[in-house]
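Remember, it's 1-based here, ligands and their atoms both numbered in the order they're listed. What you see is a predicted model; the values in this text were computed from it and never measured. These values consider heavy atoms only, across backbone and side chains, with no hydrogens, waters or symmetry-generated copies.
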Amino acid sequence: MAAESQTPQVDQVQRSPVNFDAKLSLISEQWSPRVVAEMNDYQFKIVRIEGDFVWHRHDDTDEAFLVLDGTLRIDMRDRSVLVRAGELFVVSKGVEHKPFAQEEVKLLLIEPRGVLNTGNTESERTAPNDVWI
Ligand code: NI
């Protein structure tokens, strides 16, 4: 990648392992993904969510959800899946989806840098992108 992608945060990540619990303890806000690491042009983002999200899709990329704590439901137009702690689910590019958490879920998102959380839609759930913690 270009030199400008070598942010100070990346240097910090390279110096020490990322501890998800420690990083999550720094976040109280829900629905606000925080970048904890990058690999090539992909970002690893932790987020706390609770309640309902908005229907959206990502036209240019798949999106991976790795659940760290709680049980995440991902609604798609033709089915829903439950993703439990320790499980991973990948939503394919272009597939409409809507995450839902009955109780708070902590998860790791893996997706290319620049992907907006609400994909093709804009709403009160749209979060600032590329915010590191
Ligand atoms: Ni999405």
Side-chain angles (χ1 to χ4, degrees):
M1 291 304 298
E4 61 265 26
S5 70
Q6 297 300 311
T7 63
Q9 292 88 352
V10 171
D11 292 340
Q12 290 170 13
V13 168
Q14 290 168 344
R15 277 202 296 272
S16 59
V18 173
N19 183 288
F20 295 130
D21 286 340
K23 292 291 189 184
L24 283 161
S25 73
L26 302 174
I27 306 174
S28 56
E29 199 180 351
Q30 296 177 329
W31 303 103
S32 293
R34 297 285 187 267
V35 182
V36 296
E38 282 185 344
M39 186 186 75
N40 298 323
D41 57 346
Y42 271 69
Q43 290 185 326
F44 299 80
K45 308 174 187 175
I46 54 170
V47 62
R48 295 171 178 264
I49 66 171
E50 185 172 9
D52 217 357
F53 202 56
V54 293
W55 284 103
H56 67 282
R57 65 177 190 274
H58 307 280
D59 287 328
D60 300 320
T61 183
D62 300 342
E63 181 172 45
F65 297 79
L66 197 166
V67 175
L68 302 170
D69 187 48
T71 299
L72 174 68
R73 193 184 81 206
I74 301 179
D75 295 333
M76 290 160 283
R77 291 301 187 183
D78 60 342
R79 66 186 179 123
S80 294
V81 292
L82 289 179
V83 192
R84 297 178 175 83
E87 294 183 337
L88 171 74
F89 186 76
V90 180
V91 174
S92 295
K93 174 169 65 176
V95 171
E96 281 193 292
H97 57 285
K98 181 178 67 62
F100 172 78
Q102 184 76 48
E103 296 173 5
E104 188 179 68
V105 169
K106 300 164 188 165
L107 61 98
L108 179 71
L109 295 166
I110 307 166
E111 57 199 3
R113 189 188 300 124
V115 170
L116 263 188
N117 66 330
T118 54
N120 62 316
T121 69
E122 183 99 6
S123 78
E124 76 280 358
R125 291 287 201 214
T126 302
N129 211 357
D130 204 29
V131 181
W132 287 71
I133 196 165

> Do Arg113 and Asp130 pass the salt bridge (charged side-chain N to carboxylate O under 4.0 Å, His left out) test, and can you show the C-alpha distance, the side-chain angles, and the key distance before you say yes or no?
Replying inline: CA-CA 7 Å; Arg113 189 188 300 124; Asp130 204 29; 5.2 Å; no
> Which pairs with one or both residues in residues 56-83 pass ring pair (Phe, Tyr, Trp, His ring centres under 6.0 Å), sequence neighbours excluded?
Replying inline: Phe53-His56, His56-His58, His56-His97, His58-His97
> List-wise, which protein N, O or S atoms are found short of 2.8 Å from the Ni ion (ligand 1)?
Replying inline: His56 NE2, His58 NE2, Glu63 OE1, His97 NE2
> Do Glu29 and Arg34 pass the salt bridge (charged side-chain N to carboxylate O under 4.0 Å, His left out) test, and can you show the C-alpha distance, the side-chain angles, and the key distance before you say yes or no?
Replying inline: CA-CA 10 Å; Glu29 199 180 351; Arg34 297 285 187 267; 3.5 Å; yes
> In terms of heavy-atom contacts, does CD of Glu50 have more than 12 from other residues, nucleotides or ligands at under 6.0 Å?
Replying inline: yes
>> Once side chain to side chain donor-acceptor pair (under 3.5 Å) is applied, what residue pairs with a partner in residues 78-91 remain, sequence neighbours excluded?
In response: Asp75-Ser80
>> I'd like to check the side chain to side chain contact (heavy atoms under 4.5 Å, CB included) partners of Leu116; sequence neighbours left out, ordered by chain and number.
In response: Thr126, Asn129
